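Here's the structure, in structure tokens; my notes come after.
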Amino acid sequence: MLGKRWNGMLLDALSGGSLSFSAARRSVPGISDAVLSDRLAELTDAGLVHRQVDPGPPLSVEYSLTTAGEKLIPVLSQLGRWAAENLNA
């Protein structure tokens, strides 16, 4: 799950607060709408992201980290620091 491309970036983007689909797309440059939709669904199914639907009008959907997702952010940050210090890019 965490090794899939974009998932770490999406979790990092959501660590700043809830985002709409379009805001999430802007936060992760280069991701396609289809991949973003798939990754958000996977992270939601894994219990790391919460999907909140406001029926509107207009209909809106926001994504935010669950408690489990929030607890994962420091671990991902530590992993990123370790990689920067120990892996030659």
Side-chain angles (χ1 to χ4, degrees):
M1 167 69 61
L2 296 177
K4 281 191 169 182
R5 186 173 184 190
W6 308 113
N7 282 353
M9 292 178 73
L10 279 170
L11 291 170
D12 182 56
L14 289 167
S15 70
S18 62
L19 296 172
S20 65
F21 185 88
S22 59
R25 184 180 53 226
R26 287 190 301 272
S27 296
V28 183
I31 193 169
S32 70
D33 286 352
V35 172
L36 176 59
S37 180
D38 288 346
R39 294 300 186 267
L40 286 169
E42 290 172 354
L43 292 168
T44 299
D45 289 345
L48 300 174
V49 171
H50 174 72
R51 182 178 187 263
Q52 176 68 40
V53 178
D54 180 5
L59 176 84
S60 66
V61 179
E62 287 207 345
Y63 298 89
S64 59
L65 293 177
T66 62
T67 300
E70 290 172 355
K71 289 179 180 179
L72 189 57
I73 297 303
V75 175
L76 291 175
S77 295
Q78 288 177 341
L79 183 59
R81 281 192 298 276
W82 177 89
E85 293 171 1
N86 294 287
L87 299 177
N88 295 326

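What you see is a predicted model, and the numbers here were worked out from it, not measured in a lab.
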note = Residues passing the salt bridge (charged side-chain N to carboxylate O under 4.0 Å, His left out) test with D45, sequence neighbours excluded, are none
R39 to N7 - nearest heavy-atom pair and separation =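 Closest heavy-atom pair between R39 and N7: CD-OD1, 3.0 Å.
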Pairs of donor and acceptor atoms involving the side chains of residues 58-65, under 3.5 Å and at least two apart or interchain, shall be tabulated with distances.
unit_1: E62; atom_1: OE1; unit_2: S18; atom_2: OG; d: 3.0
unit_1: Y63; atom_1: OH; unit_2: R51; atom_2: NE; d: 3.4

message = Using side-chain heavy atoms (C-beta onward) and a distance below 4.5 Å, is L11 in contact with V49?
response =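 L11 reaches V49 side chain to side chain.
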request  = Any chance you could measure L36, atom CG, to L40, atom CG, to the nearest 0.5 Å?
outcome  =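 L36 atom CG to L40 atom CG measures 4.5 Å (nearest 0.5 Å).
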Donor-acceptor pairs under 3.5 angstrom involving side-chain atoms of residues 20-30: please list them, not counting sequence neighbours.
unit_1: S20; atom_1: OG; unit_2: S22; atom_2: OG; d: 3.3
unit_1: S20; atom_1: OG; unit_2: A23; atom_2: N; d: 3.2
unit_1: R25; atom_1: NH1; unit_2: D33; atom_2: OD1; d: 2.8
unit_1: R25; atom_1: NH1; unit_2: D33; atom_2: OD2; d: 3.4
unit_1: S27; atom_1: OG; unit_2: A23; atom_2: O; d: 2.9

ask   = Excluding sequence neighbours, so at least two apart, what forms side chain to side chain donor-acceptor pair (under 3.5 Å) with E42?
value =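 Counting only residues at least two positions away or on another chain, E42 forms a side chain to side chain donor-acceptor pair (under 3.5 Å) with K4.
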Acceptor/donor pairs from residues 75-87 side chains to any protein atom, 3.5 angstrom cut, sequence neighbours excluded:
unit_1: S77; atom_1: OG; unit_2: I73; atom_2: O; d: 3.1
unit_1: N86; atom_1: ND2; unit_2: W82; atom_2: O; d: 2.9

ask   = Does H50 offer a backbone N or O that forms a donor-acceptor pair with the side chain of T44 under 3.5 Å?
value = no
ask   = side chain to side chain contact (heavy atoms under 4.5 Å, CB included) with T67: which residues, sequence neighbours excluded?
value = K71
